[in-house]
Visitor: 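Sending over a structure as structure tokens; questions will come in a sec.
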Amino acid sequence: MSELNQVLKQRRQKADDLAELGVALYGNSFTPTHRIGEILPMADRVTADTAPGVHQVKVAGRILAMRKFGKASFMHIQDESGRMQVYVQRDSVGDEQYTIFKKLDIGDIVGVTGWLFKTKTDELTIHADKVVPVTKSLRPLPEKFHGLTDVETRYRQRYVDLIVNPEVRDTFRKRVEIIRLVRDFLVNRGFMEVETPMMQPIAGGATAKPFQTHHNALGMDLYLRIAPELYLKRLLVGGFERVFEINRNFRNEGLSTRHNPEFTMLEFYQAYATYHELMDLTEEMISWIAAEVTGSMVITYNGQEVDLSPPWKRYTIEEALVEVAGIAPETLADPDKVMALAREKGIKLQPQAGVGKAKTELFELLVEEKLINPTFVTEYPTEVSPLARRNEKNPEVTDRFELFVTGREIANAFSELNDPVDQKQRFERQINERGDDDEIFPVLDEDYVRALEYGMPPAAGEGIGIDRLVMLLTDSPSIRDVILFPHLRPETK
RNA sequence: GGGUCGUUAACUCAGUCGGUAGAGUAUCUGCCUUUUAAGCAGAGAGUCGUUGGUUCGAAUCCAACACGACCCA
């Protein structure tokens, strides 16, 4: 018989014993009067001499640790709001109660009724009048000192990770807080939160491999969206001038510390704004959220200091190539030299790729990882920006920026292309110049062009990767640390 | 897709030159009415990721596979 079976057997035996004593193992009749987080601040009103009944409480929580003596015991219990100590004395709870108490295990959820006092070591503690089993746990928790560190188990059994690792609970609380602050920020600026299709007949708005599914009744294939962009812009046509959506995108690509097949994206669109105004808005929003969540605009990520205080550095791609990568301006001015440099750096380009694509690739290779403090990079070549408005002075580049922090792309934004003729031509060019990847299939979205033909107001739009933002603000090295249930291969038995 | 590393008790980890499995925590028993990783004494607990191979003998050496981590594409 294996040890786990032995432990399970012992726990089931205890459960049976408790049932025999008339205890409801999975009842739902205990109603707490307090949460632990409400009790802890009462510490300064309690002393070792505080009499029974002065501060009477009922709390429920999971047992995390027990120190049993013959006729008295200490345990720590944890609820969502915190953890605290409970003192269980045989003479206080009575023989019958103490017999039941001794059958409890670490991991069980209990209800405690008692009064507050302080121990010799000045720890606020509940002196129990009564301890009742609320929910029996049949599986042992990980070791108390090292806790659970095996990342595979942490991701596969996130519930255990959450029970025993308080910093993991904090990270996910911060995630929720960050999303709430994003909402508050945008709603306060007159943006309206909307929901657009997750299942789309054409997976548009980005270049990525989609997940495919099928609608039986309609007899049609559908794709899980890779971006909400084209639907949100249809809403601009419809007359909603400031819209945003925070929701999942799905991309059928590899997994890494920065990629999960489903990830959360904020996209927002503002009519009559330009990408310049979105840079200001982004700077303001992210620095404010950082201050709200971490208490400072200067944060630490992966051991390095990152200063999010505005204003942020703004480069054009060419400026960044010159100033960060050290490429000579005369090299950048000569398309032949740019192509030669790209080849020299080992960049493989499609035959039809132009100098704009080459500059973008050089930027990704030589500059991105060096942009630690937040940096806006503008003037992306038109050929890599199929949905962005051309710059009025130089049609080879677009009115677009990407935001980089700690070497990672956090946001992508541009003044929107609203010329239906130009848009249609760019879709067609994209289809003609598609790469050799069979699973990325750009399709001309005729309805989107039709919508533009009705007239979309000039606007600027932006996407911010929420998971990456949460990683940044919680100092998490992997996207799996900020997604509750990240994708893993199926467990082998 | 490629490379490197890892997988041993429920958890955290040792395991020498290839000689038949170890610790702490957790669990069980006993003692213990203010402990804090409580203490003391004792006990039980293992398909050494899987499958093959080499060998008298494999946790250990070799191969393939599975899962994970990191790096690269």
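Chain letters run A, B, ... following the sequence lines, proteins first and then strands; every chain starts at 1.
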Visitor: Could I get the full list of side chain to side chain donor-acceptor pair (under 3.5 Å) partners for K174(A), not counting sequence neighbours?
Guide: none

Visitor: Does anything in residues 34-58 of chain A form a ring-ring contact (aromatic ring centres under 6.0 Å, His included)? List the pairs, not counting sequence neighbours.
Guide: none

Visitor: Compare the minimum distances between each of G68(B), C13(B), U34(B) and the side chain of K120(A), then state the nucleotide with the smallest one.
Guide: U34(B)

Visitor: Quick one: salt bridge (Lys or Arg N to Asp or Glu O under 4.0 Å) pairs with a partner in residues 199-213 of chain A, sequence neighbours left out?
Guide: K209(A)-D437(A), K209(A)-E439(A)

Visitor: Between C28(B), A26(B), U35(B), which one does the side chain of R67(A) approach most closely?
Guide: U35(B)

Visitor: Got a sec? Which of residues 157-166 of chain A come in under 4.0 Å of RNA chain B, heavy atoms?
Guide: none

Visitor: Need one value for Y98(A): base, sugar-phosphate or nothing, where a base atom within 4.0 Å counts as base even if backbone is also close, heavy atoms only.
Guide: nothing

Visitor: When the C1' atoms of A21(B) and G15(B) are considered, how many whole Å apart are they?
Guide: 8 Å

Visitor: When rounded to the nearest 0.5 angstrom, what is the spacing between CG in L230(A) and CG in D445(A)?
Guide: 5.5 Å

Visitor: Only counting residues at least two apart or in another chain, list the ones meeting side chain to side chain contact (heavy atoms under 4.5 Å, CB included) with D49(A).
Guide: T47(A)

Visitor: Would you say T398(A)'s side chain and Y380(A)'s backbone share a donor-acceptor pair under 3.5 angstrom?
Guide: yes

Visitor: Write down the distance separating the C1' atoms in A10(B) and G44(B), rounded off to the nearest Å.
Guide: 14 Å

Visitor: For the P atoms, the ones on G24(B) and on U50(B), what distance do you get once it is rounded to whole angstrom?
Guide: 26 Å

Visitor: Among the nucleotides C28(B), U33(B), U25(B), which one has an atom lying closest to any side-chain atom of Q10(A)?
Guide: C28(B)

Visitor: Please determine, for the side chain of P140(A), which listed nucleotide (A10(B), U33(B), U35(B)) has the closest atom?
Guide: A10(B)

Visitor: Closest-nucleotide mapping onto RNA chain B: is D105(A) or E152(A) further toward the 5' terminus? I mean the 5' end.
Guide: D105(A)

Visitor: Do R173(A) and E177(A) sit within salt-bridge range, that is, some charged N less than 4.0 Å from a carboxylate O?
Guide: no

Visitor: Picking from C11(B), G68(B), U34(B), which would you name as closest to the side chain of Y87(A)?
Guide: U34(B)

Visitor: Near RNA chain B, counting only heavy atoms under 4.0 Å, which residues of residues 465-488 of chain A show up?
Guide: R480(A), L488(A)

Visitor: Listed by chain and number, what are the side chain to side chain contact (heavy atoms under 4.5 Å, CB included) partners of P381(A), not counting sequence neighbours?
Guide: I317(A), T360(A), E383(A), V384(A)

Visitor: With the side chain of K71(A) defined as its heavy atoms from C-beta on, choose the nearest nucleotide among C32(B), C71(B), G24(B).
Guide: C32(B)

Visitor: Based on Watson-Crick and G-U pairs with both distances under 3.5 Å, what dot-bracket line describes RNA chain B 5' to 3', crossing pairs as [ ] and inter-strand pairs as |?
Guide: (((((((..((((.....[..)))).(((((.......))))).....(((((..]....)))))))))))).

Visitor: Taking side chain to side chain contact (heavy atoms under 4.5 Å, CB included) as the test, write out the residues that go with A128(A), two or more places apart.
Guide: V86(A), V88(A), V93(A), V112(A), V131(A)

Visitor: Check every strand shown and say whether G147(A) touches a base, only sugar-phosphate, or nothing at a heavy-atom separation below 4.0 Å.
Guide: sugar-phosphate

Visitor: My understanding is that only residues two or more places apart in sequence, or in another chain, count here; which of them pass ring-ring contact (aromatic ring centres under 6.0 Å, His included) with Y155(A)?
Guide: none

Visitor: For U12(B) versus G1(B), give the span between their P atoms, rounded off to a whole number of Å.
Guide: 29 Å

Visitor: Using the six-membered base ring of C32(B), report whether F69(A) stacks on it, requiring centroids under 5.5 Å and planes under 30° apart.
Guide: no

Visitor: From the list U27(B), U34(B), C70(B), which nucleotide is the closest neighbour of the side chain of I106(A)?
Guide: U27(B)

Visitor: Of the nucleotides A69(B), U33(B), C70(B), which has the atom closest to the Y155(A) side chain?
Guide: A69(B)

Visitor: Between the base of U12(B) and the side chain of T149(A), is one N or O donor paired with an acceptor at under 3.5 angstrom?
Guide: no

Visitor: Using the C1' atom as the point on both nucleotides, what is the distance between A38(B) and A66(B), in whole Å?
Guide: 43 Å

Visitor: Please, which pairs that meet salt bridge (Lys or Arg N to Asp or Glu O under 4.0 Å) have at least one residue in residues 81-99 of chain A, sequence neighbours excluded?
Guide: R90(A)-D95(A)

Visitor: Quick one: salt bridge (Lys or Arg N to Asp or Glu O under 4.0 Å) pairs with a partner in residues 128-138 of chain A, sequence neighbours left out?
Guide: D105(A)-K136(A), D108(A)-K136(A)

Visitor: So which nucleotide from A26(B), C70(B), G68(B) ends up closest to the side chain of K144(A)?
Guide: A26(B)

Visitor: I want to verify a distance call: between U33(B), A69(B), U12(B), whose nearest atom is closest to the H146(A) side chain?
Guide: U12(B)

